Amino acid sequence: MPPSPEELLAGLNPEQRRAAETLEGPLLVLAGAGTGKTRVITYRIAHMLARFIEPESVLAVTFTNKAATEMKERIAALVGKADAERLSVGTFHAFCVRRLRQHADKLGFSKGFSICDASDQQSAVKAAMRELRIPEKTLHPGLVQSRISLAKNQLLSQSELLERSGGDEELVCAVWERYDAALRRQRMLDFDDLLLQTLKLLQEHPRALRSFRERWQYVLVDEYQDTNGPQYEIVRLICQEHRNLCVVGDDDQSIYSWRGADVRKILGFAKDFPGAEVVRLETNYRSTKDILEAANRVIAHNIGRHPKELRAHAGPGQPVCTFEARDEEDEADFIASEIGFLVRRGDAAWRDVAILVRTQVQPRAFEARLRAAGVPYRLVGGMSFFDRKEIRDLLAYLKLVANPDDESSLLRILNCPPRGVGKTSVERVLAWATERGLSANHAFARAEEIEKVPAAAKKAVVELLETLAELGRRRGGKRLVETLKEMVGRVGYQQEVERCYPDPQTRQVRWAAVEELYNFAENYARRSGKPSLAGFLEELALNAADQQDDDGQDQDAVALMTLHAAKGLEFPRVYLVGLEEGILPHSRAVAEGGVDEERRLMYVGVTRAREHLTVSYAAERARFGRRSATTPSRFWYELLGEAPPEGWTPIEDQRAAAVR
């Protein structure tokens, strides 16, 4: 028998209970770090079902597949699997792609569209730049891709981006136009377009909007501080009439503006939804009092924030430790030695410890010192399973089976294994295809019309496309794994692995990734009610968007990671290093007016620690091949509750002095 509403909420504190019991109207739950946010969300949904709200009318969206899976599992544990499966719980992108499959015809594209992942996006941007004769030395493709993505997430059109000053907007917009055209030609949508096309559906098709509103009468958004422009508008449109919207987040942990997150959305929630109730969760169940007081001292210096202060459920704990190192090697040597001493004395396990850095280059010194000290570590945020060559190759083949117009995938596997298609031949085919507005795939099918392309190359590509088309005609269903294995065999991929990796041990490791893909397919087919190749690729794409390599997660090793990667994690012992002006806060962020976000990043780092926190800085550091003195970060003094010493200058003043 399911628990009663009273039984469900009995274990919540007063603030958590108030958030879980408020079911009607707009609700903002300000959930500070470690205050039981996920618990409140799951109990609130369970309480809704206990109050006889139909599961089909509830929509809960979050930002990672991991968070969505955890939410589903917790809800199922409270209300039972049957009711939990009737809920709509998932990421924004998963929600949007499923709606677009249903309504693609209204927007003028095929329901069989493919999802363009980050690697495919990079390839499409590079191709657009080649067509426009823009050298990569002039404009880096990764920068162009991120600027196009940011503009989409800010709901900027190409003309609006052109109005901004900066010098290269015209080039970026020219690439953007070619990039979008290439995706349309290949029947692909990137992750930003999944949001934008769903928003377009709701804005331009009243019947679709009405169906969304009638179905999802209760909407919950997790991590609301990370909401971007399209996500905000989608939620606003769905909830505009019934206003049963609950958003949960913490403006003090908004650290992703560089990818479109807009902290103003959570700061302005009460204005956007008049009459909204606000619940503050301030009892922290993670960290000790000393650590939380340090975090409160830092974040209090941000002016534009919802006022709140974390209170420790635990006792005072150990004072925050500080270490002033001579240089980055001394900093790394001290920390590596101390970790080794603590673990070997029995005061900690390797997995209890995290070293948090601000920049991607800082781990180098730590890796060397940790190895020298015999400290096992794992570099978090390294290569994803989906970024391995073998996986990318096989996914490219599968994408071609599902979508014969996928040009990026064809170009990836054209000579993998080698088929004698030379670079010059590929360039001629691409130029011919571009002139006629065709994909390379269609161009190769008409290769006899293209001059100076060897007959053997034409024949090899046509045979490949015919093989994949044949597999496509009988793909999917319960035979998904068999289809995948047959494809690997028919294209000779095992021979490709043997060719690339002569060493048997390396070859075995590489082939293990292929077998793991078979396992993914088998699990998907078993789990899905109606398995299909398109569904399998969709699931892989949505998971790859936020999954880092899980290898070593259960390993007893020190975690070495950036502050951005640490969001959502916690450790008994944390070393927060490199607290220097120019590193934290980062000089680029300061120049762009982003000190408040850098302070929020510092706050996130501090609140990852449960029992012990050590902060450090180096008095001098090597940069650009030259060693120079550093200045302790303003956050160092804010954390300690001290005023900077006389003569201390922030990074912006240092830059101004250097210019003068």
Side-chain angles (χ1 to χ4, degrees), residues 63-68 91-94 96-97 100 113-130 136 139-154 172 175-176 178-197 226 228 230-231 255-261 360 379-400 402-403 405-413 416 513 517 520 536-550 561-562 564-565 567:
F63 283 81
T64 68
N65 289 285
K66 182 180 178 182
T91 64
F92 269 105
H93 292 103
C96 289
V97 74
L100 292 176
F113 65 84
S114 300
I115 299 174
C116 181
D117 63 20
S119 178
D120 292 336
Q121 286 179 270
Q122 188 88 182
S123 298
V125 166
K126 287 181 177 180
M129 290 176 65
R130 282 196 304 272
E136 292 188 15
L139 206 56
H140 192 277
L143 176 63
V144 176
Q145 180 184 336
S146 65
R147 288 179 65 180
I148 292 171
S149 178
L150 183 60
K152 289 182 176 183
N153 287 330
Q154 293 176 334
V172 172
V175 175
W176 183 356
R178 295 282 182 111
Y179 165 82
D180 276 354
L183 294 195
R184 285 195 300 272
R185 189 171 64 241
Q186 298 175 62
R187 294 194 292 129
M188 299 179 82
L189 295 176
D190 65 22
F191 278 89
D192 303 318
D193 290 334
L194 295 177
L195 302 174
L196 290 172
Q197 291 295 333
D226 295 334
N228 64 28
Q231 290 162 344
I255 59 174
Y256 296 117
S257 66
W258 48 275
R259 65 185 191 198
Q360 296 285 356
L379 187 60
V380 179
M383 180 180 287
S384 163
F385 172 79
F386 298 99
D387 286 334
R388 299 177 187 183
K389 178 186 182 300
E390 294 72 32
I391 300 305
R392 295 214 63 81
D393 289 347
L394 292 182
L395 287 182
Y397 276 110
L398 284 174
K399 288 176 183 178
L400 274 171
N403 178 8
D405 292 322
D406 189 335
E407 184 178 292
S408 299
S409 293
L410 176 63
L411 295 178
R412 179 179 181 90
I413 53 85
C416 181
L517 189 62
F520 267 85
F536 178 55
L537 288 171
E538 181 180 298
E539 181 169 297
L540 288 177
L542 293 170
N543 276 284
D546 63 23
Q547 179 173 328
Q548 293 297 325
D549 197 351
D550 286 335
M561 69 181 82
T562 65
H564 284 99
K567 174 78 163 55

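These numbers come from a predicted model, not from an experiment.
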J.: Is the shortest heavy-atom distance from the side chain of N228 to the side chain of K152 under 4.5 Å?
T.: no

J.: Give the C-alpha distance, both sets of side-chain angles, the deciding distance and a yes or no for side-chain contact (heavy atoms from CB on, under 4.5 Å) between R185 and D180.
T.: CA-CA 9 Å; R185 189 171 64 241; D180 276 354; over 6 Å; no

J.: Decide yes or no for L537 and I115: does some side-chain heavy atom of the first lie under 4.5 Å from some side-chain heavy atom of the second?
T.: no

J.: Any carboxylate oxygen within less than 4.0 angstrom of a Lys/Arg side-chain nitrogen, looking at D405 and R187?
T.: yes

J.: Working to the nearest 0.5 Å, report the span between CG of L189 and CG of L196.
T.: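 So the CG of L189 and the CG of L196 are separated by 10.0 Å.
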
J.: Taking A182's backbone N and O only, do any of them form a donor-acceptor pair with Q186's side chain (distance below 3.5 Å, no angle check)?
T.: yes

J.: Set out, in order, the CA-CA distance, both residues' side-chain angles and the distance that settles side-chain contact (heavy atoms from CB on, under 4.5 Å) for L379 and M561, then state yes or no.
T.: CA-CA 6 Å; L379 187 60; M561 69 181 82; over 6 Å; no

J.: Roughly how far, to the nearest 0.5 Å, is CG of L183 from CD of E407?
T.: 10.0 Å

J.: Evaluate the criterion side-chain contact (heavy atoms from CB on, under 4.5 Å) for residue pair L394 and R388; output intermediate values, then yes/no.
T.: CA-CA 10 Å; L394 292 182; R388 299 177 187 183; over 6 Å; no

J.: With rounding to the nearest 0.5 angstrom, report the CG to CD distance, D190 to Q145.
T.: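 These two atoms lie 8.5 Å from each other.
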
J.: Looking only at heavy atoms, which two atoms of G260 and L150 are closest? And how far apart?
T.: N-CD1, 3.5 Å

J.: Report yes or no: does S409 contribute a side-chain atom to a donor-acceptor pair with the main-chain N or O of D406 at less than 3.5 Å?
T.: no

J.: Are D120 and S408 linked by a side-chain donor-acceptor pair shorter than 3.5 Å?
T.: no

J.: Salt bridge or not between R184 and D193? Use side-chain N to carboxylate O under 4.0 Å.
T.: no

J.: Would you call I391 and L517 a side-chain contact if the rule is heavy atoms closer than 4.5 Å?
T.: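 A side-chain contact exists here, since the closest heavy-atom pair is under 4.5 Å.
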
J.: I'd like to check L194 versus F113 (side-chain heavy atoms, cut-off strictly below 4.5 Å). Are they in contact?
T.: yes

J.: Does any part of the side chain of R147, heavy atoms only, come nearer than 4.5 Å to the side chain of W176, both counted from C-beta?
T.: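 They are not in side-chain contact.
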
J.: Hey, what do you get for CG (L411) to OG (S123), rounding to the nearest 0.5 Å?
T.: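 Here the interatomic distance stands at 8.0 Å.
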
J.: Anything under 30° is parallel, anything over 60° is perpendicular, the rest tilted; go ahead and classify Y256 against H564.
T.: tilted

J.: Assess, by modelled atom type and distance only, whether the side chains of S149 and D192 contain a donor and an acceptor separated by less than 3.5 Å.
T.: yes

J.: In the structure I gave you, are the side-chain heavy atoms of L195 and F92 within less than 4.5 Å of one another anywhere?
T.: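 With C-beta onward as the side chain, the pair touches.
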
J.: Considering only heavy atoms from C-beta outward, does the side chain of K66 approach that of T91 to under 4.5 Å?
T.: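 In short, these two side chains do not touch, never coming nearer than 4.5 Å.
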
J.: What pair of heavy atoms forms the shortest contact from M129 to L139, and how long is it?
T.: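 Smallest heavy-atom distance, with atoms named: CE-O, 2.9 Å.
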
J.: For a 4.5 angstrom cut-off between non-hydrogen side-chain atoms, does C416 reach K389?
T.: yes

J.: Is there a donor in the side chain of Y179 and an acceptor in the side chain of Q121, or the other way round, less than 3.5 Å apart?
T.: yes

J.: Just verifying a value: how many Å separate N403 CG and S114 OG, rounded to the nearest 0.5 Å?
T.: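 Going from CG on N403 over to OG on S114, the span is 3.5 Å.
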
J.: Under the criterion side-chain contact (heavy atoms from CB on, under 4.5 Å), I'd like the reasoning laid out for I413 against L400: C-alpha separation, chi angles, the key distance, then a yes or no.
T.: CA-CA 10 Å; I413 53 85; L400 274 171; 3.6 Å; yes

J.: Check L143 against S146 and note the closest heavy-atom contact, atom names and distance.
T.: O-OG, 2.8 Å

